[in-house]
Amino acid sequence: MVFSISRPLLRREARLQLSLVLCARHRPVLSCSSVASSSPFSSLVRSALTQNLKQSSSFLSVRFASSKMGADENLLKVLRSEIECIQEFKDPRQLDVPEGFPFEILDNPGDNTITLKREFAGENIQIIVYMNPDVEEDEEEDDEDDDPDQENPSKPSISLHVTIDKGEEIPILEFVCNLNSDELEIENMAKKNPDDSDGQGTYEGPEFSDLDESLQKALHHYLKVRGIRDSLYGFLSEYMMKKDEREYQTWLKNIEEFVRK
């Protein structure tokens, strides 16, 4: 059996479907963000949170600035105290170069070494001098001292790097020496070519202590006639201690100046 549907019924069903589509298209879509943005309560919450964040940021900035100022002021106070202590106990006496001292002294501020120079019988002699404050001499003698009341303070040794140059592309002699109040000790020596900067593969001879005793004495005498002897210790040790004091005070003032800026 075939059922027929009347045209008016079809038209009514089509209009109903069209109405549903139109309603769905124009229906307002409500999301959390839209509700939140339109809600007066959410606006108050958002405003309060923003205000709290601003206050927290301001509080942290003030707190960090206060901590920085406190640390800086404390450091400046300690630096100033150290500088004043050095100035209070500094020896005001001027150190005079001893009569007959054969070397020219080159002392550049900021360096921890000084350079001694002289010309001797056509030779250019240069000595780089630096203090060894951590090396204590006569440690064994101090341990064997039977008198505990006798003061025998250890003195720092001085290192000397000696270069003897005759020019004209002639090889140079280098000596590494340790100078203390008792003696000038040659730790090592080498002959180097001026054009051999790295010195790799060059035979530099045996250890100085392995040389024949007569040869060791002859090399000591070789340096002695050129003014390199144990009698330099008294003046050089005092000079280097005063230099270390000056350099330390300058260093403290530079740190103080940096912190103040």
Side-chain angles (χ1 to χ4, degrees), residues 91 95-108 111-145 150-167 170-194 199 202-247:
D91 187 355
L95 180 62
D96 296 326
V97 178
E99 185 178 356
F101 189 75
F103 296 98
E104 175 190 2
I105 302 175
L106 303 179
D107 186 352
N108 295 322
D111 292 346
N112 63 345
T113 64
I114 63 172
T115 301
L116 307 180
K117 285 187 174 183
R118 75 170 298 192
E119 291 184 2
F120 176 81
E123 298 174 348
N124 294 317
I125 301 175
Q126 176 176 291
I127 307 173
I128 299 177
V129 183
Y130 54 96
M131 185 77 80
N132 295 325
D134 297 330
V135 178
E136 297 181 355
E137 69 165 333
D138 297 333
E139 291 181 346
E140 296 180 358
E141 294 182 7
D142 292 342
D143 294 337
E144 297 174 359
D145 192 355
Q150 182 179 358
E151 294 185 2
N152 186 19
S154 61
K155 297 180 181 180
S157 63
I158 298 175
S159 290
L160 307 178
H161 182 197
V162 182
T163 302
I164 301 176
D165 183 5
K166 294 187 176 183
I170 298 177
I172 62 177
L173 279 182
E174 288 188 352
F175 294 84
V176 177
C177 304
N178 189 53
L179 179 63
N180 55 49
S181 59
D182 294 329
E183 64 176 347
L184 174 70
E185 177 187 0
I186 300 177
E187 296 184 346
N188 199 6
M189 66 165 294
K191 176 183 71 68
K192 295 186 177 181
N193 295 319
T202 303
Y203 177 72
E204 298 182 351
E207 293 292 332
F208 185 82
S209 58
D210 294 334
L211 295 176
D212 183 79
E213 185 176 353
S214 61
L215 181 54
Q216 293 185 33
K217 291 181 178 180
L219 287 169
H220 274 98
H221 185 70
Y222 178 86
L223 293 179
K224 185 176 181 179
V225 299
R226 287 160 175 78
I228 307 167
R229 56 184 70 191
D230 55 6
S231 59
L232 294 176
Y233 180 82
F235 169 72
L236 289 180
S237 61
E238 190 171 357
Y239 188 99
M240 293 303 293
M241 284 189 288
K242 284 184 173 293
K243 176 176 174 60
D244 181 72
E245 185 180 81
R246 292 195 309 269
E247 297 296 345

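Sequential numbering from 1 along the given sequence is applied to the chain's residues.
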A.B. asks: If I take atom CD from residue Gln216 and atom CG from residue Leu211, how far apart are they, to the nearest 0.5 angstrom?
C.D. replies: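 Here the interatomic distance stands at 5.5 Å.
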A.B. asks: Taking only residues two or more places apart in sequence or in another chain, which ones pass side-chain contact (heavy atoms from CB on, under 4.5 Å) with His221?
C.D. replies: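 Partners of His221 by the side-chain contact (heavy atoms from CB on, under 4.5 Å) criterion, ordered by chain and then number, come out as Val225.
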A.B. asks: If you round to the nearest 0.5 Å, how far is CG of Asp230 from CD1 of Ile158?
C.D. replies: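 With rounding to 0.5 Å, CD1 (Ile158) is 11.5 Å from CG (Asp230).
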A.B. asks: Measuring from atom CG of Asn188 to atom CZ of Phe175, what distance do you get when rounded to the nearest 0.5 angstrom?
C.D. replies: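 So the gap between those two atoms works out to 10.0 Å.
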A.B. asks: Quick one: list whatever passes ring pair (Phe, Tyr, Trp, His ring centres under 6.0 Å) with Phe101, sequence neighbours left out.
C.D. replies: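 Phe101: ring pair (Phe, Tyr, Trp, His ring centres under 6.0 Å) contacts with Phe103, Phe235.
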A.B. asks: Tell me every residue that passes side chain to side chain donor-acceptor pair (under 3.5 Å) with Asp210, counting only those two or more places apart in sequence or in another chain.
C.D. replies: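 Applying side chain to side chain donor-acceptor pair (under 3.5 Å) to Asp210 gives none.
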A.B. asks: Mind checking the CD-SG spacing from Glu185 to Cys177? Nearest 0.5 Å is all I need.
C.D. replies: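 That separation rounds to 9.0 Å.
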A.B. asks: Distance check, rounded to the nearest 0.5 Å: Leu173 atom CG versus Met189 atom CE?
C.D. replies: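 Rounded to the nearest 0.5 Å, the CG-CE separation comes to 5.0 Å.
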A.B. asks: Rounded to the nearest 0.5 Å, what separates atom OG1 in Thr163 from atom CG in Leu160?
C.D. replies: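 One gets 11.0 Å once the value is rounded to the nearest 0.5 Å.
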A.B. asks: Using the salt bridge (charged side-chain N to carboxylate O under 4.0 Å, His left out) criterion, which residues pair with Lys217? Sequence neighbours excluded.
C.D. replies: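 By the salt bridge (charged side-chain N to carboxylate O under 4.0 Å, His left out) rule, Lys217 matches Glu213.
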A.B. asks: Ile127 and side chain to side chain contact (heavy atoms under 4.5 Å, CB included): which single residue from Ile164, Leu223, Ile228 fits?
C.D. replies: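 Single side chain to side chain contact (heavy atoms under 4.5 Å, CB included) partner of Ile127 among Ile164, Leu223, Ile228: Ile228.
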A.B. asks: Taking the side chain as every heavy atom from C-beta outward, state whether Asn193 and Pro171 have any atom pair closer than 4.5 Å.
C.D. replies: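 Result yes, sub-4.5 Å side-chain heavy-atom pair found.
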A.B. asks: Can you list the residues that meet the side chain to side chain donor-acceptor pair (under 3.5 Å) rule with Ser214, with sequence neighbours excluded?
C.D. replies: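 Checked Ser214 against side chain to side chain donor-acceptor pair (under 3.5 Å); matches are Asp212.
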A.B. asks: Could you list the donor-acceptor pairs under 3.5 angstrom formed by side chains in residues 111-121, with sequence neighbours left out?
C.D. replies:
{"from": "Arg118", "atom 1": "NH1", "to": "Arg226", "atom 2": "O", "distance (Å)": "3.0"}

A.B. asks: List the atom of Gly227, the atom of Pro102, and the distance in Å for their closest heavy-atom pair.
C.D. replies: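 The pair with the smallest heavy-atom distance is CA-CG, 4.4 Å.
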A.B. asks: Going by the side chain to side chain donor-acceptor pair (under 3.5 Å) test, which pairs reach into residues 235-246, not counting sequence neighbours?
C.D. replies: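 Listed by first then second residue: Asp107-Tyr239, Asp107-Lys243, Asp107-Arg246, Lys243-Glu247.
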A.B. asks: Where do Val176 and Glu174 land on the side-chain contact (heavy atoms from CB on, under 4.5 Å) test, with the steps shown first?
C.D. replies: CA-CA 7 Å; Val176 177; Glu174 288 188 352; over 6 Å; no
